[in-house]
Each structure stands twice: as C-alpha cells, then as structure tokens.
Amino acid sequence: MSHDLKSHLAELMRAALLSVAPTESATSIHIERPKQAAHGDFSCNLAMQLARSIKRNPRQLAQLLVSELPYSVLVDTAEVAGAGFINFRVSAAAKLEVVRSILEQGDAFGRSTAGDRRKVLVEFVSANPTGPLHVGHGRGAAYGDSLCKLLDFAGWDVTSEYYVNDAGRQMDILAVSTWLRYLDLCSPGAEHLPFPANAYQGDYVRDMARQLFAAHAGRYLRPTASICDGLAGLPDGARTDAAAAQQREAHLDSLIVKARHLLGEEWTYLHDFVLTEQLADCRGDLEESGVHFDIWFSEQSLFSIGLVARCVERLEKSGHLYVQDGARWFRSTAFGDEKDRVVQRDNGLYTYFASDIAYHLNKYERGFQRIINVWGADHHGYIPRVRGAISALGLDPELLEVALVQFAVLYRSGWKAQMSTRSGDFVTLRTLREDVGNDACRFFYVLRKSDQHLEFDLDLAKSESNDNPVYYIQYAHARVCSLLGLWGGEQKTLTAAQLELLDSPHQLALAARLGGFPEVVETAASELAPHLIAFYLKDLAAEFHSYYNAERILVDEPALQCARVALAAAVRQVIHNGMAILGVSCPESM
RNA sequence: GCCUCCAUAGCUCAGUGGAUAGAGCACUUCCCUCCUAAGGAAGGGGUCGCAGGUUCGAUUCCUGCUGGGGGCGCCA
C-alpha cells in the first residue's frame, strides 16, 4: 500500500513538474520518508534539485509545484518547509489500509516481482571439507542463506550452491593426517612417526582414525620403516623461518606421495572416507542452522568431465596463455590484474585457479542471469583474475557479483579466539549454536553490515542472552499471539475491521512502519543487505511494545477491539515475514 | 610498498546527498490490584578520525593524511 502511496505521490509531483517546468521533465523524482514525524509522512526535494537549472529560489519553486499539484483524496496536506522541501501528509485512511493488505496477503506481504523470476545463482560457504565449520564460516552461511531468502522474496528464482573443494592438496593432507593417527592406533605403545605440526591437529581427525580402525582393523597398516624410507626430512622443530616452513610442507607432500604409493587403491578409499565424513558433518551442521543448499557442486567433477582441460585449451587457443619457468600462465594483467597467474604447474597439475575458471564457465553455461559469489574478505584479491578469465572466455564479467563478507572475530573471556582449521584451535559453529541458540546465532550474524567486521563476544551472548535483540522481536510476536489467543476470534474476520477507528499517534505510526516493509525488502534485496531487515524488525518491535504499553488492545467496545486486534495481527504477520527472511523462528509464546 | 574494508555517544553498531545525526548496552529516575516487566516512559552523553575539494546542501561523494582489520603463493 505504502508502495502505492509513494508512487502515487511521485505521479502527482510528475504532473506538477510538467506544468511548472516542462523542459525539466526528465528530472528523476525522489519521494522519501522523513526521519522526523514533524516533517510529515513523505517528503520531496524536487524544488531544490531544480533550483539551479531553472535559476529560481527553491522555496518559491516548491510553492509553485505545490500549487500545481493535482488533487488527491489520499493527500491531506502538501506544504513547503525548510530549504525547499515539500512535505506531504497522507490521510489516515490511506495509511491504515495497509493493515488490511497485510492480513489479506499473509506470508506473501512484502513480496515483490522486482526479480521477475529471473535465475540467480548464489554460491556461499564453500569451506574446504577438511574439518568442522567454525564461527567464521557461520557468518557466510547466515548471510548467504538470508540473502537467498531475501532475493526469493524480491521475486528472483534463486539457486543456492556450495562448491566442494574435494580435489586439492588440503584434502590429501587431511587424509594423510587421519592415516597417521590411525597408524598410532594400530600399534599402540610402539614407536611411531612424529605427527607433523602442519598436519590437521583437531580431535575430529582422531575420531575418524578410530572409526577407520574399528571398521577395518589393520587393513591400512604399513611398516613404519617403509613409510620413513626416502621421506623428505624435517627441520629443527624450533625453527620458525620461511625455509623451515617450506621444508615442513615438502615433508608433508612426500608423506602424501608415500601414502599413495604404499596404499595403492586403498588410498582412494581413505581419501573418500575422510571427505564423506567431513562433508556429512558440514551438511548436518548447516541443516541444523536452517541453511539449505540446492546444489553441492564437486570441484573433482570438473576434472572428471574434462572441463578444466577444455577450459585451459580454450584460453590457449585464444592466446591468453604462455609458458614460463615450466608453468603455464594466464595473462590476467591484460584484464587489470596486478600480476599474471599460473593455471598449470610445471609438474602438470592444474592450480585451484584453473578449476575455478572451469567452475565459473560452468556457472555461465547453466544460464543464470545473475551470479553471486559470497566470499570471505580475504579473497578480494582473487576477483580481478576470475573476472579476467571470464572476459578471456568471451563471457560478460558483469554477470558476476562478488559479495565480500568481512571476518567474524570471536572473543572468549575478552581474548580473541584463533580460527585456524589446521592447528585445530577454533570454536566450531556447532559449539556456538549450542551455547547461544540458533536463533540468536543467526540474528547476531546478520545484525552487522556484511562489509563490517563482526565482533562476536561469546561470553556476552551466553551470559546475557536475554539482552539479545532477537528476543525483543520474538517477544513482540509472542505478545500478539497471546493477545490473539485471549481475543479468541476468527482471524479471517479481521480483514473486515473498521480501520478508521485507529486514530491515535501510536497506531498511525505503527501503520506507517508496517507500510514501509515492502520498501525495506526492496532496498535490502538490491543492496544485498539482509541486515536492513534486522534493523527494520527492531524498529517495528519497539514501536509495537511502546503502543502495547500505552494503549489497551482488548477493549470492551467490539468494533474498536476488532480494529486494534487487526493492527496487532498485522504486526505479527510482518515480524513473521521478516524473520523468515533471516531464518529466525518466531515462537508463539515465550 | 600495492590492493581492500573500516574510523559516528564510554562500549557494540545503524544511517550514506537533505531539515535538530539514531538504537542497544552501560549510567540516573520513574511505571505491574492493569492484555506476558524477555516490556514501557523520561534524562545525561557527539567538533560523525584530520585537512582540503565538488554541491543550493556533505557524516554521506572525490583527493590527501593519520590510525586499525584483511589480502598480496606454481595453498585452497
């Protein structure tokens, strides 16, 4: 309704503009909601925009525009204020009508057709399946999922996708880490290989080793001597220099080569086992968080179908590649990147970048009108080369949008918690959800603008969870549910309420706030900013609580009672719709 | 060094071309014989990091500076 009000006012202003200054008919007309109630329900700054080109005093111009404004039953007053604003007051009836719309449209209120059911792909989380998701991943998950729901609400045909990095070195490291733990279990007490500091340290690795041992006993056991034979050496444990680090990585790589060689076919089983385990854990975790993916896309599949090789070939043919130092490079500097990038190493293996080019080619070939990557902010330097590769393949790089999500930093007892999967020192998303609860967790994650660092104070969230704004909003919802229960009537009858009886400032303010929901959805969707929904809901809940304390809703007079219950029910509905976008539940009682 | 995000109340953060810059927490007072007090009402608290520029108008846009997070691999 308010949507209609806004465009209605824009049309009135357009008519006035044509009459006052026909030569300026191309000027865009902005109708906004003033921050202060004293400035009316809507305002327009057209006179100030025009003042310069027409060379007239903005206030006089505004006065002229007002006098040329066509009559409308919806508008009570239009007056000039400030430096040349035109402030509108719309009739109470026009404002209140939104209550009926909300009750009639229910869960669909606020939905728009802006997206025109065009296909959009949203890829997010895509964490390596090398360990449990931690609180950093949680933010990407909450943001991405809310973004999907938001875009769906705004009329897009959304597909959510998780890119599974199941083909890289990290997976090999995880497999070999598990194998080493397993070897210890096979021969307890015996002298065993030292567990490398740069292998995966987490307890979940030991858990997988135990499972492996329980199911297969000594099947993957190989003599220690055969493993050690020809292994790259380790530097002194105390050394922290770059050369030592490089040596440690080389040691790990030679362990992987050794494991492959000694285990043969069984290495594949081991590799698949750890992948399946971690993916299942990750998937379960996300499902419990209410985060759903339509597609789990395997990086390995890109190699299997030969798309990576074909992609590189295609770039080769179009002259975007060259060979140097034995490696094959993509000339990304031709597309604005700061340096060229390797796509194929001197040992013949493709880099992660090569498979990512193939992945993006595949995304384009699936026919999306819009492709959104939700990436951690640490990937920002990666954007130019991907865009470059897309351009080099003759595709439109503008189709790809990258939404960068800044880090979530977790504070425990006033100390910043580390977040490294390899070192095993991290707080898992699962732990966080168990401590804080899923609703508070998801709400907290989207309560910050995504390009803003998020400070997640675990102790505060745990100890003072009652202060969490999520409860404030849920409480408003529960209060209405309680009212509806006490009222006891048939909700369908509320659409027939005499809304004009709602004439107090509190009620009109609430109606105006409710009317703003579709605009908030629209803005949030176009800016990929679900946090705007969260802030809107806080404001709506505040307005409702204030009203609830100031006026009685279940009054004796039947018509008035019906109108007030209808308003409360509309508040409940909009909170419900907004929370659904955020993936947060709305309990009926608290 | 280069790239990028950021700097707004004591703290955590909204607002991003408009009129007197907002919220929560914390602090000071009030309000349950009354529809859930996980609530409400009132109050104090700010040179919107600094300096220029564009504009009728800048916390918002541009440039520089200062301070902070992150990134700059033939890792993924």
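Computed from a predicted model, the values in this text were never measured in an experiment.
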Pair partner, B:A7 [Watson-Crick or wobble, under 3.5 Å]: B:U66
CD/A:Q246: more than 12 non-hydrogen atoms of other groups inside 6.0 Å: no
Among B:G15, B:A23, B:A76, find the nucleotide with the atom closest to the side chain of A:L532. B:G15
Test side-chain hydrogen bond (donor to acceptor under 3.5 Å, both in side chains) applied to A:D439 and A:Q474, step by step: CA-CA 10 Å; A:D439 285 339; A:Q474 287 179 325; 3.0 Å; yes
Look at the side chain of A:N87 against the base of B:A19 and say whether a donor-acceptor pair falls under 3.5 Å; ignore hydrogens and angles. yes
Quick note, A:D325 side chain, CB onward, closest among B:G39, B:G18, B:C74 is B:C74
Can you tell me the pairing partner of B:G22 across any strand shown, Watson-Crick or G-U wobble, with both distances under 3.5 angstrom? B:C13
Between B:A37 and B:C30 - C1' atom distance, rounded Å: 14 Å
So, does the side chain of A:T130 form a donor-acceptor pair with the base of B:A76 at under 3.5 Å? no
Quick one: classify the glycosidic conformation of B:C48 as syn or anti, with syn meaning within 90° of 0. anti
Under a 4.0 Å threshold between the charged nitrogen and the carboxylate oxygen, would A:K363 count as salt-bridged to A:E161? no
Side chain of A:R448 - closest among B:G73, B:C13, B:A19: B:C13
With rounding to whole Å, what would you report as the distance between B:G40 and B:C25 at their P atoms? 8 Å
Mate of B:G44 across any strand shown (Watson-Crick or G-U wobble, both atom pairs under 3.5 Å) is none
For nucleotides 41-45 of chain B, give me every protein contact, N/O to N/O, under 3.5 Å, one pair per line with atom names.
{"residue": "B:A41", "atom": "OP1", "partner": "A:S546", "partner atom": "OG", "Å": "3.1"}

If we require ring centres under 5.5 Å and near-parallel planes under 30°, does A:F85 stack on B:A19? yes
For B:G1, what is the paired nucleotide under Watson-Crick or G-U wobble rules, both distances under 3.5 Å? B:C72
Ranking B:A14, B:G40, B:A76 by distance to the side chain of A:R345, first place goes to B:A76
Mind checking the C1' distance from B:G44 to B:C35? Whole angstroms is fine. 34 Å
ring-ring contact (aromatic ring centres under 6.0 Å, His included), that's the test. Do A:F517 and A:Y536 meet it? Break it down for me. CA-CA 8 Å; A:F517 183 62; A:Y536 169 81; 5.5 Å; yes
Could you please name the option among B:G39, B:G15, B:A76 that lies closest to any side-chain atom of A:K35? B:G15
Letter per nucleotide, 5' to 3', of nucleotides 1-9 of chain B [B base touched, S only sugar-phosphate touched, - untouched; heavy atoms, 4.0 Å]: --BSSS---
Choosing from B:C35, B:A38, B:A14, which nucleotide comes nearest the side chain of A:F535? B:A14
